[in-house]
Amino acid sequence: MKKVTAQNDKCDKNSTGKKKTGCEAGQELCPKDGGTAQDEEICYRKRLEKHHDELRWLYMELYDNGDMFAELLDQMKEFYRERKSALKGMDETRERDPGWYRRNDMLGMMLYIDNFAGNMKGVESRLDYIGKCNVNYIHLMPFLETPKGRSDGGYAVSDFRKVQENLGSMEDLESLTASCHKKGINVCMDFVMNHTSEDHEWAKKARQGDGEYMSRYFFYDNSYIPSLYEKTVPQVFPTTAPGNFTWLEDAGHFVMTSFYPYQWDLNYKNPRVFNEMMYHFLYLANRGIDIVRIDAVPYIWKELNTQCRNLPQVHTIVRMMRIITEIVCPGVLLLGEVVMEPEKVVPYFGTVEKPECHMLYNVTTMATTWHTVATRDVKLLKKQLDIVSSLPREYVFLNYLRCHDDIGWGLDFGTLMTEGIGERSHKQYLNDYFQGYAGESNSRGELYNADPVTGDARFCGTTASMCGIEKAGFEQDAQAMELAVRLDVMLHAYMFMQSGIPVLYSGDEIGQVNDYSYKEDPLKAPDSRYIHRGAMNWTLAENISRPDTVEGKLFRALDMLEKIRRTEKVFVSNADTWTMDTWDCAVLCIGRYFEGEKILGLFNFSESDKIAWIHETDGDYVDLISGEEMRACGVRLPAYGFYYLKKK
């Protein structure tokens with residue numbers, strides 16, 4: 001015991017002899033590479049002591065229930081004891097290197113288990129392919145048990161401790177995560193904590209009139225309170241699921257359903273809800289999950305006379321989740337799904353002293369990227385990137401071109417309107433463009449949740465189809481295909497240049513196009529998002545080694561970009577990042593600088609050759625793609641071309 005105490009006294013001082021504080025002190029609370037049961041108890045106690053007072057203060061502020069807090073502490077300790085030694089070892093390694101996920105070797109891939117490889121065992125058998133993609137972080141799309149036909153793509157969970165039978169079991173999940181860890185691959189999953197399925201055990205008991213379980217949701221026996229909520233709460237899906245409440249005829253009550261009628265919102269004013277959901281969270285973390293994506297974070301807390309979005313109590317809950325994680329499983333990261341502009345999602349990072357989410361999505365930049373493709377004008381995108389670059393470098397965003405969801409046109413219309421671009425007319429243009437109806441577009445795709453009253457709609461399609469690969473292939477147009485592939489590669493190169501972690505959507509690495517077969521499945525046909533959720537085409541994937549194929553061209557190009565990003569230190573997420581004027585509305589320039597090294601990324605968003613009228617006088621540069629030495633001055637870019645210019 002004395003030896004361990006002496007070690008920690010020594011660790012609590014930095015190289016200047018001063019006392020360490022915050023995360024710096026927390027890095028070395030535990031012995032390296034595991035230890036005895038006694039060592040682990042000491043480790044846990046020290047983590048708890050570090051965070052106990054703040055956790056108790058937050059919990060009591062929200063719930064004022066000492067008994068429930070004591071129960072939470074007891075269960076946290078139990079989950080820690082149940083956590084496998086290998087996972088505890090990873091926790092300790094990551095505690096000593098808290099910025100491990102900010103390095104330039106992080107590359108993610110989102111995938112549906114069934115679409116990618118049938119089931120979890122199938123995914124495990126495809127880990128070598130994932131490795132070939134240079135991916136070390138896979139996001140397994142929702143896989144917990146959901147009712148068939150009422151799942152919202154897996155986001156209506158009926159059992160938080162059971163895997164969908166067709167995908168495998170919890171044992172299969174643990175086997176998959178263990179195999180991933182052996183190959184240096186992190187695993188992310190969705191934690192849907194805002195609501196449950198109406199088939200969840202709690203919901204079934206609530207429907208039967210059990211008051212204990214009714215209090216875990218929002219139940220009302222008449223329309224008065226629901227009508228007050230409706231006055232201030234926006235609708236998520238006004239066309240397909242209007243309103244925020246559903247009348248249950250058999251129960252004689254209204255229940256709050258912000259998303260779909262079969263997804264019942266949980267009432268986090270009830271401490272039992274918070275505790276039980278945290279137990280599910282820790283159970284899943286103990287299955288080997290490295291990154292937990294918190295679904296629909298802003299919606300978690302509900303209050304009358306508000307929009308029920310982004311309320312202060314949401315941040316209290318997320319901060320408590322972060323603390324619980326740092327006590328029980330500090331190697332696990334929290335990824336927040338907050339669909340807002342970057343400057344508005346900042347509160348979900350918390351502060352340096354009191355952090356909340358480790359990572360957040362860069363949603364608006366994604367939508368603005370496609371706006372740029374459709375307008376061939378980088379002005380709005382440049383402004384968006386400047387906003388992100390002005391944020392603290394500790395903030396880590398996930399950047400992506402496409403994901404499992406639709407594209408909502410949440411652009412900066414305030415800025416666009418100063419240029420005479422109206423919101424409704426521009427959304428119409430974007431949706432027409434990407435359907436292939438306007439702007440000399442080569443894109444293909446479909447609308448989602450179109451509202452004939454407001455004219456609003458979202459768009460669905462794969463990256464490849466939006467770039468023109470589907471159209472060129474259908475028309476057997478080799479020249480159009482060359483341009484489409486070039487646009488696809490340029491967009492990925494631009495994404496890799498952004499600050500944060502790039503994430504691919506499974507199939508994008510081989511240019512998979514829209515899958516219209518979803519219309520033949522009555523359970524999927526009403527939801528056009530399935531157009532870009534097609535099954536992985538492993539026959540086409542066999543072409544990745546053939547440079548004369550679309551798959552081979554894309555795979556080889558992305559492989560080169562990924563390896564450049566991994567080997568050039570300027571791609572760390574906390575590098576200095578900025579944009580530069582190019583004096584051509586179609587050309588974007590992004591600069592990155594870190595520890596004496598500098599790279600300029602030039603990207604042509606036009607199907608015509610352009611010149612970037614930059615004039616850097618600080619020496620010669622070399623293009624990391626071609627190896628060509630050149631001046632960063634009046635750079636000529638081919639249609640949809642790009643350069644990674646590194647200062648010599």
Side-chain angles (χ1 to χ4, degrees), residues 365-378 380-382 385 399-403 407 429-430 432-445 459-498 502 504-505 507-514 532 547 549-562 582 584-590 601-612 623 625-626 635-644:
T365 300
M366 178 275 296
T368 307
T369 298
W370 292 108
H371 151 89
T372 307
V373 170
T375 61
R376 290 85 163 174
D377 189 333
V378 304
L380 190 66
L381 181 57
K382 183 178 183 299
L385 294 171
N399 302 305
Y400 59 102
L401 296 176
R402 290 298 295 116
C403 67
I407 300 177
Y429 169 73
L430 292 173
D432 285 348
Y433 178 91
F434 287 109
Q435 289 179 90
Y437 302 152
E440 299 181 4
S441 168
N442 293 310
S443 173
R444 293 292 182 267
F459 182 79
C460 301
T462 69
T463 298
S465 287
M466 293 177 75
C467 287
I469 289 175
E470 176 183 336
K471 179 177 183 288
F474 181 79
E475 296 176 355
Q476 294 292 293
D477 187 329
Q479 186 176 359
M481 182 63 79
E482 181 184 352
L483 267 182
V485 169
R486 198 184 298 172
L487 172 58
D488 194 310
V489 174
M490 182 277 288
L491 289 176
H492 280 93
Y494 141 78
M495 178 181 70
F496 288 178
M497 184 64 70
Q498 292 179 56
L504 306 173
Y505 188 66
D508 279 1
E509 75 281 4
I510 59 170
Q512 223 165 272
V513 299
N514 293 334
H532 53 253
T549 64
V550 170
E551 298 78 25
K553 290 174 182 176
L554 280 172
F555 196 89
R556 288 160 66 92
L558 295 188
D559 180 67
M560 176 180 288
L561 292 172
E562 290 152 3
T582 64
D584 189 301
C585 66
V587 180
L588 177 71
C589 180
I590 302 175
L602 291 165
F603 309 95
N604 181 2
F605 280 79
S606 164
E607 60 270 62
S608 302
D609 295 354
K610 296 288 183 178
I611 298 177
D623 175 35
I625 306 298
S626 65
V635 182
R636 297 179 179 274
L637 291 99
Y640 296 137
F642 71 95
Y643 286 111
Y644 277 180

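One is the number of the first residue; the rest follow in order along the sequence. Predicted, not measured: the structure shown is a model, and the values here were computed from it.
- Residues Glu607 and Arg376 meet the side-chain proximity criterion, which asks for heavy atoms closer than 4.5 Å.
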| query | side chain to side chain contact (heavy atoms under 4.5 Å, CB included) between Met466 and Phe459: does it pass, once the steps are laid out? | reply | CA-CA 10 Å; Met466 293 177 75; Phe459 182 79; 3.8 Å; yes
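- For the atom pair SG of Cys585 and NZ of Lys382, the computed distance is 13.5 Å after rounding to the nearest 0.5 Å.
- Taking every heavy atom of both residues into account, Glu562 and Leu504 meet most closely at OE2-CD1, 3.8 Å.
- For the atom pair Glu551 CD and Ile469 CD1, the distance stands at 9.0 Å (nearest 0.5 Å).
- Contact of the Trp370 side chain with the Leu430 side chain is not registered, since no non-hydrogen atoms from C-beta on lie closer than 4.5 Å.
- For Ala374 against Tyr429, the heavy-atom pair with the smallest separation is O-OH, 2.8 Å.
- Interatomic distance, Asn604 CG to Asp609 CG, rounded to the nearest 0.5 Å: 7.5 Å.
- Judged purely by atom type and a 3.5 angstrom limit, Thr463 has no side-chain atom pairing as donor or acceptor with the backbone of Asp508.
- The two residues Thr462 and Val513 come nearest to each other via the heavy atoms OG1-CA, 3.5 Å.
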| said: Using side chain to side chain contact (heavy atoms under 4.5 Å, CB included), reason through Val550 and Met481 one step at a time and then give a plain yes or no. | reply: CA-CA 8 Å; Val550 170; Met481 182 63 79; 3.7 Å; yes
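- Here the side chains of Tyr494 and Leu381 are in contact, with some heavy-atom distance below 4.5 Å.
- When the shell of 6.0 Å around CZ of Arg556 is examined, it contains 12 or fewer heavy atoms from other residues, nucleotides or ligands.
- Side chain of Thr372 to backbone of Thr368: a donor-acceptor contact under 3.5 angstrom is found.
- No side-chain heavy atom of Ile510 sits under 4.5 Å from any side-chain heavy atom of Leu554.
- Rounding to the nearest 0.5 Å gives a distance of 12.5 Å between CD of Gln512 and NE2 of His532.
- Judged by distance alone, the side chain of Thr582 and the main-chain N or O of Ala612 form no donor-acceptor pair under 3.5 Å.
- Val635 places none of its side-chain heavy atoms less than 4.5 Å from the side chain of Val587.
- Here the CG-OG distance, from Leu487 to Ser606, works out to 10.5 Å after rounding to the nearest 0.5 Å.
- Between Phe496 and Tyr644, a ring centre-to-centre spacing not shorter than 6.0 Å is recorded.
- Ala639 approaches Leu483 most closely through the heavy-atom pair CB-CD2, 3.8 Å.
- Considering all non-hydrogen atoms of both residues, Ala484 and Gly468 come closest at CB-C, 3.5 Å.
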| Leu401 and Thr369: CA distance, side-chain angles, deciding distance, side chain to side chain contact (heavy atoms under 4.5 Å, CB included) verdict | CA-CA 8 Å; Leu401 296 176; Thr369 298; 4.3 Å; yes
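- Annotation for Val489 and Phe642: closest pair CG1-CE2, 3.8 Å, computed over non-hydrogen atoms.
- If you take OG1 on Thr375 and CG on Leu380, they are separated by 8.0 Å, rounding to the nearest 0.5 Å.
- With a 4.5 Å cut-off on side-chain heavy atoms, Asp584 and Ile611 do not count as touching.
- Distance alone, capped at 3.5 Å, places no donor-acceptor pair between the Arg486 side chain and the Gly641 backbone.
- For Arg402 (side chain) and Tyr400 (main-chain N/O), no donor-acceptor pair under 3.5 Å exists by modelled atom type.
- A donor-acceptor pair under 3.5 Å is formed between the side chain of His492 and the backbone N or O of Asp488.
- Side-chain contact between Phe605 and Val373: present, with at least one pair of heavy atoms (C-beta onward) separated by less than 4.5 Å.
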